[in-house]
Amino acid sequence: MRSGSYAGFMGSPIEEAALALSRARRVVVLTGAGISAESGLRTFRDTMEGLWKSFDPQKLATPEAFAADPETVTRWYDHRRVGCLAAEPNAGHAALAELERRVTRRSGDAGGGAGGGRFTLLTQNVDRLHQRAGSVNVVELHGSIIEWRCTKTGEKITPGPEAMTEFPPRSPCGALLRPDVVWFGEMLPERAVHAAQEAVGSCEVFLSIGTSAQVYPAAGFIHQAARNGAKTIEVNKDPTPISRMVDWALHGRAGDVLPEVVRLMN
Ligand code: BV8
């Protein structure tokens with residue numbers, strides 16, 4: 001971990017991280033499954049009943065798996081979809097929505113530049129809980145499980161809250177429906193990658209929350225931000241491959257740490 005002292009201020013890591021966020025005009029946040037854990041949604045890796053412990057992602061989260069067994073893949077995804085719709089955003093999601101409001105409310109730069117601060121929330125999550133918590137500038141790097149799309153026309157539909165009854169589901173034209181997520185081996189949406197690159201290229205603070213930092217290209221953004229001189233903060237209940245490289249590693253649950261960071265901001 002790089003030395004944590006910030007602009008001569010010597011406080012605790014969380015106080016220093018809060019000070020950095022209080023002063024930043026361009027902030028990027030990356031979230032992973034860990035921020036939704038306190039909403040009751042299982043993560044992929046970190047617990048015995050993690051999604052990937054019970055299901056091998058290469059058997060379910062790839063186009064090849066869908067082509068080979070569309071019924072099993074769509075049953076798994078519809079099960080998760082219904083769970084996401086039944087879940088509620090938690091205090092961590094709410095704190096990020098408040099952080100966005102504070103950053104974007106900041107006045108123009110010293111040179112009287114127009115517009116307030118810029119806040120970009122990059123998420124690997126497909127559950128749409130950030131949007132339900134009030135976050136506005138959300139970039140869904142890996143798509144959304146709430147929307148599905150026709151494999152023939154690309155038309156998107158939003159199934160209702162109840163579980164599907166036909167597997168694999170079909171679109172009105174008769175072709176298979178698939179979740180509008182990015183599977184392993186698939187390119188991320190071009191608009192999402194462009195938005196991420198643009199935000200990461202100019203951010204002053206990069207905040208990584210609830211991710212094991214192992215899936216690319218999402219896991220590469222913090223390194224790009226650090227190379228561009230951004231201060232980096234991690235919030236995670238466990239150490240990860242980036243815990244030693246960040247300026248401030250805040251160990252704890254996102255639902256506890258994030259509200260405390262916002263409370264400490266001036
Ligand atoms: C691509 C949607 C071009 C579907 C997902 C280098 C460059 C580019 C690609 C690659 C590369 N190397 C390898 C690749 C291929 C691959 C990849 O990265 N593989 C990994 C396994 C090595 N990447 C791709 O295929 C990407 N496509 O780049 O296209 C290409 C293609 C092929 C080859 C080259 C280039 C597409 C990746 C997207 C896959 N789709 N999701 C779905 O949801 O089913 S990935 C999915 O898994 C998530 O979206 C997320 O990204 C990942 C899980 O990670 P996390 O979110 O971090 O969750 P995890 O459980 O792992 O960790 C949770 C963390 O939270 C833990 O640290 C835990 O301690 C913490 N935590 C738990 N509770 C709390 C908490 N923290 C705080 N508070 C708590 N309460």
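Position 1 is the first residue of the sequence, and the numbers go up from there. One-based numbering, in listed order, for ligands and for the atoms of each. Small disclaimer: the values here were computed from a predicted structure and weren't measured. Heavy atoms only: backbone and side chains are in, while hydrogens, waters and symmetry mates are out.
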Residue-ligand contact Ala218/ligand 1, heavy atom below 4.0 Å: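 Checking ligand 1 against Ala218, which is what was asked, there is no heavy-atom contact under 4.0 Å.
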Heavy-atom gap Gly252 to ligand 1 smaller than 4.0 Å: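 It does; at least one heavy atom falls under 4.0 Å.
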Val257-Leu129 co-clustered via ILVMFWY side chain contacts under 4.5 Å: no
Same apolar cluster: Trp148 and Leu60, side chain cutoff 4.5 Å: yes
Among Gly143, Gly185, Ser208, Ala254, closest by any non-hydrogen atom to atom 77 (C) of ligand 1: Ala254
Selection from Tyr77, Trp76, Phe44 by shortest heavy-atom distance to atom 44 (O) of ligand 1: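 The nearest heavy atom belongs to Tyr77.
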Result of checking Arg191, Gln124, His130, Gln131 against Glu140 for side-chain hydrogen bond (donor to acceptor under 3.5 Å, both in side chains):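 So, applying the side-chain hydrogen bond (donor to acceptor under 3.5 Å, both in side chains) to Glu140 and each of Arg191, Gln124, His130, Gln131, only Gln131 qualifies.
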May I ask you to check whether [X] has an N/O atom sitting below 3.5 Å from an N/O atom of ligand 1?
X: Val181; value: no
X: Phe184; value: no
X: Arg253; value: no
X: Thr240; value: no
X: Ser212; value: yes
X: Leu188; value: no

[X] neighbourhood, listing ligand 1 atoms whose heavy-atom distance to it stays under 4.0 Å:
X: Gln214; answer: 20 (C), 22 (C)
X: Gly32; answer: 56 (O)
X: Thr211; answer: 55 (P), 57 (O), 64 (C), 65 (O), 67 (O)
X: Gln124; answer: 48 (C), 49 (O), 50 (C), 51 (O)
X: Pro217; answer: 28 (O)
X: Gly34; answer: 63 (C), 65 (O), 71 (N), 72 (C), 73 (N), 74 (C), 75 (C), 78 (N), 79 (C), 80 (N)
X: Gly210; answer: 63 (C), 64 (C), 65 (O), 76 (N)
X: Met187; answer: 3 (C), 29 (O)

Ser39 side chain vs Glu88 backbone, donor-acceptor pair below 3.5 Å: yes
Short side-chain to backbone donor-acceptor contact, Asp247 and Ile233, under 3.5 Å: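 Such a contact is absent between Asp247 side chain and Ile233 backbone.
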With heavy atoms only and a cut-off of under 4.0 Å, state how [X] meets ligand 1: side chain, backbone, both or neither.
X: Arg80; result: side chain
X: Glu38; result: side chain
X: Ala37; result: side chain

Name of the residue among Thr31, Val136, Leu207 meeting side-chain contact (heavy atoms from CB on, under 4.5 Å) with Leu121: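 That would be Thr31.
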Cationic N near anionic O, under 4.0 Å, [X] to [Y]:
X: Glu147; Y: Arg128; answer: yes
X: Lys231; Y: Glu16; answer: no
X: Arg178; Y: Glu186; answer: yes

Listed partners of Arg75 passing salt bridge (charged side-chain N to carboxylate O under 4.0 Å, His left out), at least two apart: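 Salt bridge (charged side-chain N to carboxylate O under 4.0 Å, His left out) check on Arg75 returns Glu71.
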Counterpart residues, salt bridge (charged side-chain N to carboxylate O under 4.0 Å, His left out), relative to Glu100 (two or more places apart):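 For Glu100 there are no salt bridge (charged side-chain N to carboxylate O under 4.0 Å, His left out) partners, ignoring immediate neighbours.
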Contact summary for Asn90 and Ser36, nearest pair of heavy atoms: ND2-CA, 4.2 Å
Beyond-backbone contact of Ser171 with Ile157, side-chain heavy atoms, under 4.5 angstrom: no
